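Structure first, then comments.
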Amino acid sequence: MSGNTGGQARVTVNTLLEKKTRGERLVMVTAYDFPTATLAERAKVDIILVGDSLGMVALGYDSTVPVTMADMIHHTKACARACRQALLVSDMPFMSYQVTPAQAVVNAGRLIKEGGAQAVKVEGGRETLPAIQAIVKAGIPVMGHLGLTPQTASLHSGYKVQGKTPESARLILDDALALQQAGVFAIVVECVPDKVASLIRDRLTMPLIGIGSGAGCDGQVLVISDLLGLYDKLTPRFVKRYAELGEAAVGAIAAFAEETRNGSFPSPEHSFHLKEEEFVKVKNLMLAPDE
Ligand code: KIV
């Protein structure tokens, strides 16, 4: 349960575990502001992630690296205002948890206390264990993120499928087991071959949520702007566009522009009207000589 009042109880870390145990697949989408979080809530997803993909799809950067704690707190707050039932997870941005475990705890705490998230997500494997352990010890639920980790993509092989060789697949499994041991409540695995992801999933007691990692995971996550067809700069093969809202939006704005230019908008039903006798009085005063 949570501080959520009225309606259905909020999804918790335990709910996710119970769903995995029952074989129910988990649904997670990103959101960045009040409207996108409202849409995700209305669609009854289990988890809303304020992803640092925010940097690319909402702030226009070329990568997630420039995203700051201030950005994450600002956007998490907006999502929290809409998020009543889904578990709200906020991404820890690049360099907000790498310096010291104490820095990681302070910043995770800010996303919870100031942002209103219920959990944080941290990218990386065993190299991030000191930070993850410290955050968990402080009582903050942590979600891991393995495979393709966008914050450090340039350090590795770029935006490429990970875990294709026996050694690299084993490394991801060992990272996942170490993260589980450290107390993370779920792990996102990005861009890993489907059978590798399934093998990892079989070794974990907590949920493995895939993105570009096949159908064998315990759940799936997509970036909301991708699934709604609102972001065109980068479309990885694993993205399924369930709608083309970008095209629909351009069409709507172009129609508004056309009707404004040809004078057909606003029509009488989109305008406010005075009764004739009131208008006569208004007109007389308005046309009276200036004082
Ligand atoms: O930032 C993000 O959107 C993410 C998802 C791809 C899982 O981390």
Side-chain angles (χ1 to χ4, degrees), residues 2-8 10 29-45 48-62 64 66-86 88 90-91 93 110-118 222-235 241-291:
S2 73
N4 176 29
T5 52
Q8 265 186 287
R10 191 188 288 279
V29 291
T30 64
Y32 308 104
D33 51 20
F34 188 78
T36 49
T38 300
L39 295 174
E41 267 285 306
R42 288 183 58 198
K44 300 201 182 308
V45 303
I48 293 178
L49 169 69
V50 190
D52 61 355
S53 50
L54 157 77
M56 297 169 81
V57 302
L59 302 180
Y61 296 125
D62 288 334
T64 59
V67 175
T68 63
M69 276 300 297
D71 293 332
M72 289 309 302
I73 291 171
H74 181 69
H75 288 266
T76 302
K77 274 183 177 172
C79 291
R81 289 181 203 116
C83 185
R84 293 279 169 268
Q85 283 170 27
L88 185 65
S90 184
D91 246 340
R110 292 190 69 198
L111 293 172
I112 304 291
K113 287 190 67 162
E114 296 173 46
Q118 284 94 48
L222 279 179
V223 167
I224 198 161
S225 325
D226 288 338
L227 86 86
L228 294 180
L230 285 168
Y231 184 70
D232 291 321
K233 254 174 120 179
L234 199 76
T235 311
R241 290 164 75 110
Y242 286 85
E244 291 298 340
L245 297 196
E247 283 309 307
V250 171
I253 297 165
F256 164 64
E258 166 71 13
E259 290 190 4
T260 296
R261 288 181 185 127
N262 71 23
S264 61
F265 177 83
S267 56
E269 80 248 41
H270 293 112
S271 307
F272 301 100
H273 312 288
L274 283 178
K275 290 197 180 109
E276 192 51 32
E277 65 270 23
E278 283 159 4
F279 177 59
V280 169
K281 289 186 216 154
V282 168
K283 189 174 162 193
N284 285 343
L285 191 58
M286 288 180 77
L287 297 182
D290 299 337
E291 289 187 2

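Nothing here was measured: the structure is a model prediction, and the numbers come from that model.
Once rounded to the nearest 0.5 Å, the distance linking CG of Leu111 with CD of Gln118 reads 12.0 Å. How far OG1 of Thr68 is from NE2 of His74: 10.0 Å, rounded to the nearest 0.5 Å. Lys44 contributes atom NZ, which lies 10.0 Å from atom CZ of Arg42 (distance to the nearest 0.5 angstrom). If you take CG on Leu227 and CG on Leu222, they are separated by 5.5 Å, rounding to the nearest 0.5 Å. For the atom pair OG (Ser90) and CD1 (Ile48), the distance works out to 12.0 Å, reported to the nearest 0.5 Å. To the nearest 0.5 Å, the span separating OH on Tyr231 from CD1 on Ile224 amounts to 15.5 Å.
When atom types are taken as modelled, the side chain of Thr76 and the backbone of Ala117 share no donor-acceptor pair closer than 3.5 angstrom. The closest donor-acceptor contact from the side chain of Ser271 to the backbone of Ser267 lies under 3.5 Å. The backbone N or O of Ser264 sits less than 3.5 Å from a side-chain atom of Asn262, completing a donor-acceptor pair.
The 12-atom threshold is not exceeded at NZ of Lys281, counting heavy atoms of other residues, nucleotides or ligands nearer than 6.0 Å. Under a cut-off of 6.0 angstrom, the local environment of CD in Glu269 is crowded, with over 12 non-hydrogen atoms contributed by other residues, nucleotides or ligands.
Taking 4.0 Å as the cut-off between side-chain N and carboxylate O, Glu244 and Arg241 count as a salt-bridged pair.
The two residues Asp62 and Met56 make their nearest non-hydrogen contact at O-CE, 3.4 Å. Heavy atoms only, all atoms of each residue included: Val223 and Val57 are closest at CG1-CG1, 4.2 Å. Taking every heavy atom of both residues into account, Ala86 and Arg10 meet most closely at O-NH1, 2.8 Å. When all heavy atoms of Leu234 and Asp226 are compared, the pair lying nearest together is O-OD1, 4.2 Å. The shortest heavy-atom contact between Pro66 and Asp71 is O-OD2, 4.2 Å. The two residues Ala82 and Glu41 come nearest to each other via the heavy atoms O-CG, 3.2 Å.
Two residues are said to be in side-chain contact when any heavy atoms from C-beta on lie closer than 4.5 Å; His75 and Leu59 meet this criterion. Residues Val50 and Leu88 have side chains in contact (heavy-atom distance under 4.5 Å, counting atoms from C-beta outward). The closest side-chain heavy-atom distance from Lys77 to Ile73 is below 4.5 Å.
Ring pair His270/Phe265 is tilted by interplanar angle, where 30° to 60° counts as tilted.
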List the steps and the verdict of side-chain hydrogen bond (donor to acceptor under 3.5 Å, both in side chains) for Ser53 and Tyr32. CA-CA 9 Å; Ser53 50; Tyr32 308 104; 2.7 Å; yes

